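What you are looking at is a predicted structure, and each value in this text was computed from that prediction instead of being measured.
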Amino acid sequence: MPRYSFTVEYDGRPYCGWQRQANGPSVQAALERAIKAFSGEEVTIGGAGRTDAGVHATGQVAHVDLEKAWPAATVLRAINFHIQPDPVVLLDCAEMHEGFDSRFSAIRRSYRYRIFNRSARLTFERGLAWHVKAELDADAMNDAAQEFVGHHDFTTFRHARCQAKSPEKTLETFSVRREGLFVIAECSSRSFLHNQVRSMVGTLKLVGEGKWTAQDVRAALAARDRKACGPVAPADGLYLTGVDYRSKDKDIAKAKAKKLEESQR
């Protein structure tokens, strides 16, 4: 049974999130319908990141197992055709090696948060960026963002209903810069807690406005208390931009080890 991987771009506004849910449309369900339309198969798609309602992606990665071996180019064209008019598109598709899993093979996930920083209300960027009227100091935000880099207990910056086993994560990078009217925040980690990025960005907004300092951010992190968090940034400005993976050899080795373990039970 061949496994296919694809990079997915989507506008998150119409969806209750990536994951299939009973309370509304999801990106996962839209893709599964498109696959059934061309292959006739009922499938379950795996995804690298379970983005929340309204969150977008330019580099989500997903995988699916199909009974028939289709050329990857055919899978790409067929899904892109049948998923219309949903605002979802596959950017690429490839048949994958043994052991690859879009979620569990990932070693790094990268997110971008876009703030549109002007007094006038949004038109074209409505729903695609966070509108902040007060002028933000991006340099101060970038300095304060370094408080998050490294291995920390991020209890302050996780959703109360976060299902992660541990609040400890290692943030590899976090940068903030100004690009014209936009303030762009980018961060990467092997994995993130529920609402972690939006919680950190909302807190950094206070720094940009001059209401908090880097020391305040450090204190909030050390508090390990959700009440110490700043406002949570809206979903509008958040994008999953890319996922990095371990090597093919490591995937194959882990798959063989798993088979050996199962055979010895």
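Applying the ring-ring contact (aromatic ring centres under 6.0 Å, His included) rule to pairs touching residues 199-222 yields nothing, sequence neighbours excluded.
The aromatic ring centres of Phe116 and Phe182 sit less than 6.0 Å apart.
Ring pair Phe154/Phe148 is tilted by interplanar angle, where 30° to 60° counts as tilted.
Side chain of Thr203 to main chain of Gly230: a donor-acceptor pair is present (N/O by atom type, distance under 3.5 Å, no hydrogens or angles). For Arg109 (side chain) and Arg190 (main-chain N/O), a donor-acceptor pair under 3.5 Å exists by modelled atom type. Checked by atom type and distance alone, the side chain of His131 pairs as donor or acceptor with a backbone atom of Arg118 at under 3.5 Å. With Asn117 contributing its side chain and Ala134 its backbone, the two residues share a donor-acceptor pair below 3.5 Å. Thr156 contributes a side-chain N or O that, together with a main-chain N or O of Ala220, makes up a donor-acceptor pair within less than 3.5 Å. Of the possible donor and acceptor atoms, one in the side chain of Gln84 sits under 3.5 Å from a partner among the backbone N and O of Phe81. A donor-acceptor contact shorter than 3.5 Å links the side chain of Tyr239 to the backbone of Leu128. A donor-acceptor contact shorter than 3.5 Å is absent between the side chain of Gln60 and the backbone of Tyr10. In this structure, the side chain of Ser188 does not engage the main chain of Glu172 through any donor-acceptor pair within 3.5 Å. Side chain of Asn80 to backbone of Arg77: no donor-acceptor contact under 3.5 angstrom is found.
With sequence neighbours excluded, the residues forming a side-chain hydrogen bond (donor to acceptor under 3.5 Å, both in side chains) with Arg177 are Glu179, Glu186, listed by chain and number. Residues that satisfy the ring-ring contact (aromatic ring centres under 6.0 Å, His included) test with His63, not counting sequence neighbours, are absent from this structure. Under the side-chain contact (heavy atoms from CB on, under 4.5 Å) criterion, Arg126 pairs with Leu122, not counting sequence neighbours.
No side-chain donor-acceptor contact under 3.5 Å links Ser247 and Asp249. Counted by atom type alone, Glu168 and His151 present one or more donor-acceptor pairs between their side chains at under 3.5 Å. Side chains of Ser110 and Thr241: a donor-acceptor N/O pair is absent below 3.5 angstrom, by distance only. For the residue pair Asp86 / Tyr15, a side-chain donor-acceptor distance below 3.5 Å is found, with atom types taken as modelled.
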Contacts under 3.5 angstrom, residues 27-38 side chains, donor-acceptor by atom type, not counting sequence neighbours:
residue	atom	partner	partner atom	Å
Gln28	OE1	Arg20	N	2.7
Gln28	NE2	Ile45	O	2.7
Glu32	OE1	Arg20	NE	3.0
Glu32	OE1	Arg20	NH2	3.0
Glu32	OE2	Arg20	NH2	2.8
Glu32	OE2	Ile45	N	3.0
Lys36	NZ	Glu42	OE2	2.6

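Cluster partners of Phe124: none. The rule joins Ile, Leu, Val, Met, Phe, Trp and Tyr whenever side-chain heavy atoms lie under 4.5 Å apart, and it links nothing here.
Residues Pro167 and Leu193 approach most closely at O-CD1, 3.5 Å, considering heavy atoms. Heavy atoms only, all atoms of each residue included: Val176 and Ala185 are closest at CG2-CB, 4.1 Å.
Remark: Asp225 does not engage Lys227 in a salt bridge, criterion side-chain N to carboxylate O under 4.0 Å.
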